[in-house]
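What's counted below: heavy atoms across the whole structure, side chains too, no hydrogens, waters or symmetry copies. Chain letters run A, B, ... following the sequence lines, proteins first and then strands; every chain starts at 1. As the structure is a computational prediction, the values presented were derived from the model and not from experiment.
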There are 2 protein chains.
Amino acid sequence: MSPARARTSRGDIVAAARDMLEDGGLEAVSMAGVAVRVGVRPPSLYKHFRDRNELIGAVATDVALELGRTFEDAVARCGPSPADRVRALATAYRGMALARPRATALLFAAISPDATPSAESQAAAARPILAAADAIVGPAQALAAARVLTAFAHGFTSMEAAGAFRFGGDVEEAYLLGVAVLLAGLERATSGDEVSRP
Amino acid sequence: MSPARARTSRGDIVAAARDMLEDGGLEAVSMAGVAVRVGVRPPSLYKHFRDRNELIGAVATDVALELGRTFEDAVARCGPSPADRVRALATAYRGMALARPRATALLFAAISPDATPSAESQAAAARPILAAADAIVGPAQALAAARVLTAFAHGFTSMEAAGAFRFGGDVEEAYLLGVAVLLAGLERATSGDEVSRP
DNA sequence: ACCTGAACACCGTTCAAGT
DNA sequence: ACCTGAACACCGTTCAAGT
């Protein structure tokens, strides 16, 4: 009558799926493959996750939490000015996006509403960016400025990881140019000069 | 002895796959489903495309060509200044990304090297952006500036389509702020003032 | 030259049965 | 309470056989 002892756990399964994602892409994360990896049969996984999308969502949450910690570290080590902070966050994001491109891509992949990082994990990753944006443009524009910075960093690194920059040129220089241009524009947006609007 | 007459064509197959992509996402584009749609059995598709990835690549090429035409139209209708052109291109891109999010996402999806738009179609889509960037920052920085603008537009709209902007606020305003900030920063980058660099 | 049915190894998921 | 084998409807792809 002793109930079957758990032979795996949510954490084990997520870790296995994340490894397989980074090795072979999302399509390499099969329930059968994950089951082999954690030493169990495929149906058992459904005792821990409703379906594959929920498992992918748990992986995405794990990635978002790691990104949040990476951001905290970067802020702790960088120079004191708001611009220093933005540059440190941008560099940290690109570092993670290049080191673990498929995990990072999952943050904004939109495969399914279920395969999405949890709201809390997203907030944890967004917080350092919002704080830096606030320090530059003030509270009224902080959200918009954070979105602009995140969009640039995500867009640039996902294009870079996808091999979209094929016309030569220095890719890292273009990234740093983008960060510098955004900083210059954002600082100007809140100084006496008005940013030109359509 | 009369050889079997072709009952479908590459163009038909690509059109069917593109419709199915926009309706149900990439995973809804199955060889079986496409075959039904064009009135043929699945194995016949392999007379027209090496495999599914090559078919997806052909769809991506189709999307890139449409984006190039959309850009040409936008440039033809907009105001005369370089900044007008950049704003028109940015608005045109967002319009397409919101109207056909899954097709647009395919441009930078990086599923497989085969599932990628052809180099020519990518160049056709990039050309109007490069021209506008050249008009603002000059030839030496045109490539880097075009990459920055494209990265922002792609990053922002893909996050928007993925539902990543959940904290409220005016999303369109943030997009226009981003474009304005980039324009201000790029103009300043080539004027007397130096953009601050790390 | 293109189309077809049959077959292969896979996939996610369900379910009744075990402990 | 979790694990299992068997089964379901699907998937991409290959191949020999048709016309």
Can R37(A) and D19(A) be said to form a salt bridge (charged side-chain N to carboxylate O under 4.0 Å, His left out), step by step? CA-CA 10 Å; R37(A) 198 78 140 49; D19(A) 279 2; 3.4 Å; yes
- Please lay out, stage by stage, how R77(B) and E72(B) fare under the test salt bridge (charged side-chain N to carboxylate O under 4.0 Å, His left out). CA-CA 9 Å; R77(B) 292 167 201 281; E72(B) 303 288 359; over 6 Å; no
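One interatomic measurement links the two molecules: CZ of R41(A) to P of dC3(D), which rounds to 12 Å at whole-angstrom precision. One interatomic measurement links the two molecules: CE of M31(B) to P of dA9(C), which rounds to 20 Å at whole-angstrom precision. In this structure, the CG atom of L26(A) is 14 Å from the C1' atom of dG12(C), given to the nearest Å.
Put simply, the side chain of L182(A) reaches to within 4.5 Å of the side chain of V181(B), judged on heavy atoms. M159(B) places none of its side-chain heavy atoms less than 4.5 Å from the side chain of R147(A). Taking 4.5 Å as the limit, some side-chain heavy atom of R50(B) sits within range of a side-chain heavy atom of D114(B).
Taking side-chain N and O atoms only, R7(B) has a distance below 4.0 Å to OP1 or OP2 of dT4(C).
Near DNA chain D, meaning a heavy atom under 4.0 Å away, the residues from residues 43-59 of chain A are P43(A), S44(A), K47(A), H48(A). Looking at residues 12-19 of chain B, you'll see that no heavy atom sits under 4.0 Å from any atom of DNA chain D.
Residue V34(A) is out of contact with every strand shown, counting any heavy-atom pair closer than 4.0 Å.
Both key distances under 3.5 Å define a Watson-Crick or G-U pair, and stretches of 3 or more such consecutive pairs in DNA chain D run C:4-8 with D:12-16, C:12-16 with D:4-8.
Between Y175(A) and the options F156(A), F165(A), Y93(A), a ring pair (Phe, Tyr, Trp, His ring centres under 6.0 Å) holds for only F156(A).
T61(B) contributes atom OG1, which lies 9.5 Å from atom CG of L107(B) (distance to the nearest 0.5 angstrom). Here the OG1 atom belonging to T70(B) is positioned 5.5 Å from the CE atom belonging to M96(B), to the nearest 0.5 angstrom.
Here the side chain of S121(A) pairs no donor or acceptor atom with the backbone of L65(A) at under 3.5 angstrom.
Side-chain atoms of D84(A) and S81(A) form a donor-acceptor pair, as typed in the model, at a separation below 3.5 Å.
Ring orientation note: the planes of H154(B) and F108(B) are tilted relative to one another, at an angle of 30° to 60°.
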